[in-house]
Amino acid sequence: MTSQPRSRPLIAVVGSIEPDSRITPPIKAADGARAACRALGGELARAGCDLAVFSSKPHYAEPHVVEGYAAPGGEGRSGVVFAHVPRQRDLGFALPEGSPAELRTVRDSSTEWEVSFYRTLLSCDGVMLIGGGQSTRAAGVVAMSQRIPVLPVAAFGGGASLVWANLDKVRNDTLDEDISLLGGDWTETSAADLTACLLRQRDRRLAARRREEEGLHRRVVRERLGLGVAVLFVLASLVALVLAGDPGPADGRSLATLVSAPLLASMGGAIIRNSFEANARGLLAAVRGLGAGLVSVFLYVASQLLALPGLLDQLDVRRLLFFVIPLGFSSGFTFDLVYERLRNGGTPPSLDPPPGTTTGG
């Protein structure tokens, strides 16, 4: 079962915005990227999100996003900035005076930043990527592989633009209009539009999770109901052992008991077998079990009549039920083998005649 969604989405911020010759494709419009980070931070605050950040160095995107996020700006902007760092390291974030935001340092037990970084990504509700290099691209690939909503801002190049290209192939919870928006040039409305795009992805992901959980719940209910019905069928077939009359000439009641008991066991066996399959269809399984049991039981009874022509003159139903009920159950439980044998021209396996009977007229 999946965990309950947070009341405030936690968005991880990843990327760098300073030109670097080692980054391919190169970072574009660094000054515009810094302003874009501040604008995105403000929109994330207005949207009621919390932030997860990993570095306060100015060439990374995080401090500029936090600057916009923590700027005093009225009601609805209160939030938390979670600064994730390995132990024995510090971050230099300083929120402005009067900021409604709160800064919390979260130290990871590992001394390696990669462990803290990727562990945090997997716990977030979304990942925003701006510029950056290989680490940014790797973060985007990890997020996409786990179907975490991702917001690669392709307008400023870098690893984020590569993630955008990959997202166009993977899609996850993005639509055509989202891909077009993520790959567009930066405009005055981009910050609000991109933030809304990220939150729409989250909403679709949560809706998909709810559908998965509801489907799982329905499957569990169907399985339990099917197993309950199967147990009732098997118990009903065993009741026939108690209700079977004394030996005597065959009549409608005795023949009905002789036939119906193994058929009930056969349907029960088929439903139990079907409950172990991924695509459980109890009603279809019961029908198949009924057919397999009918064929197996009638062939068995026919073989006994051939061996004992006077069997119906002195029919001992209770004794025969000890043979035909297990035969019916096994035929239902292995109905696929029964049908395969019939297609190959054989007959289902039969049991030996009841003890105490003799062959002949």
Side-chain angles (χ1 to χ4, degrees), residues 3 5-18 33-73 76-140 142-143 146 148-153 158-160 163 191 194-195 198-199 202:
S3 59
R6 300 181 181 89
S7 58
R8 293 177 59 90
L10 179 63
I11 307 302
V13 180
V14 181
S16 60
I17 54 176
E18 295 296 333
R34 281 188 285 270
C37 288
R38 291 191 291 270
L40 286 166
E43 291 298 333
L44 289 172
R46 276 185 283 274
C49 301
D50 293 331
L51 298 185
V53 295
F54 307 94
S55 177
S56 58
K57 295 181 180 180
H59 64 279
Y60 288 110
E62 289 103 304
H64 306 286
V65 173
V66 171
E67 181 182 350
Y69 183 86
R77 295 173 59 90
S78 176
V80 181
V81 178
F82 295 94
H84 292 265
V85 292
R87 60 188 175 93
Q88 300 178 348
R89 290 193 186 183
D90 294 315
L91 294 182
F93 286 111
L95 302 184
E97 184 177 353
S99 171
E102 176 186 355
L103 179 64
R104 297 182 190 175
T105 300
V106 182
R107 295 195 178 277
D108 195 280
S109 58
S110 174
T111 58
E112 300 178 6
W113 72 268
E114 295 94 340
V115 176
S116 175
F117 178 65
Y118 290 110
R119 182 182 296 166
T120 303
L121 286 183
L122 297 178
S123 66
C124 289
D125 300 295
V127 179
M128 185 174 71
L129 308 171
I130 303 176
Q134 288 302 315
S135 295
T136 301
R137 182 174 182 271
V142 169
Q146 299 300 312
I148 299 172
V150 62
L151 187 76
V153 183
V163 175
L194 291 173
T195 300
L198 180 61
L199 295 181
R202 177 177 180 262

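Here the shortest heavy-atom pairing between Val127 and Ala143 reads CG2-CB, 4.0 Å. The two atoms that bring Leu121 and Ala12 nearest to each other are CD2-CB, 3.8 Å, heavy atoms only. Residue Gly126 comes nearest to Leu198 through the heavy atom pair CA-CD1, 4.3 Å, listed as atom of the first residue, atom of the second, then distance. Between Leu95 and Glu102, the shortest heavy-atom contact is CD1-C, 4.0 Å. For the pair Leu129 and Ala160, the tightest heavy-atom approach, listed with the atom from each and the gap, is O-CB, 3.6 Å. Across Ser135 and Tyr118, no two heavy atoms sit closer than the pair O-OH, 4.3 Å.
A donor-acceptor contact shorter than 3.5 Å is absent between the side chain of Ser16 and the backbone of Tyr60. The closest donor-acceptor contact from the side chain of Glu62 to the backbone of Phe54 lies under 3.5 Å. For the pair Asp50 (side chain) and Val80 (backbone), a donor-acceptor distance under 3.5 Å is present. Looking at Thr120, its side chain does come within 3.5 Å of a backbone N or O of Ser116 through a donor-acceptor pair.
Leu44 is listed as a side-chain neighbour of Leu51, based on a closest heavy-atom distance under 4.5 Å. Counting heavy atoms from C-beta on, the side chains of Val65 and Val53 never come closer than 4.5 Å. Residues Leu122 and Val142 are in side-chain contact: their nearest non-hydrogen atoms beyond the backbone lie under 4.5 Å apart.
Atom CG of Asp125 sits about 9.0 Å away from atom CD1 of Ile148, to the nearest 0.5 Å. If you take SG on Cys37 and CE on Met128, they are separated by 6.5 Å, rounding to the nearest 0.5 Å. Here Phe117 contributes atom CZ and Ser55 contributes atom OG; the two are 10.5 Å apart, rounded to the nearest 0.5 Å. Atoms CG and CG, on Leu151 and Leu194 in that order, are 5.0 Å from each other to the nearest 0.5 Å. Rounding to the nearest 0.5 Å places CG of Leu40 at 11.0 Å from SG of Cys49. Atom NE2 of His84 sits about 11.0 Å away from atom CZ of Arg119, to the nearest 0.5 Å.
In the displayed structure, Arg137 atom CZ is contacted under 6.0 Å by at most 12 heavy atoms of other residues, nucleotides or ligands.
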Note to self: Quick one, Arg38 with Glu43, criterion salt bridge (Lys or Arg N to Asp or Glu O under 4.0 Å). Give me CA distance, side-chain angles, the key distance, then yes/no.
What the structure shows: CA-CA 9 Å; Arg38 291 191 291 270; Glu43 291 298 333; over 6 Å; no
Next item on the list: Tell me, with the steps shown, if Thr105 and Val85 meet side chain to side chain contact (heavy atoms under 4.5 Å, CB included).
Entry: CA-CA 7 Å; Thr105 300; Val85 292; 3.9 Å; yes
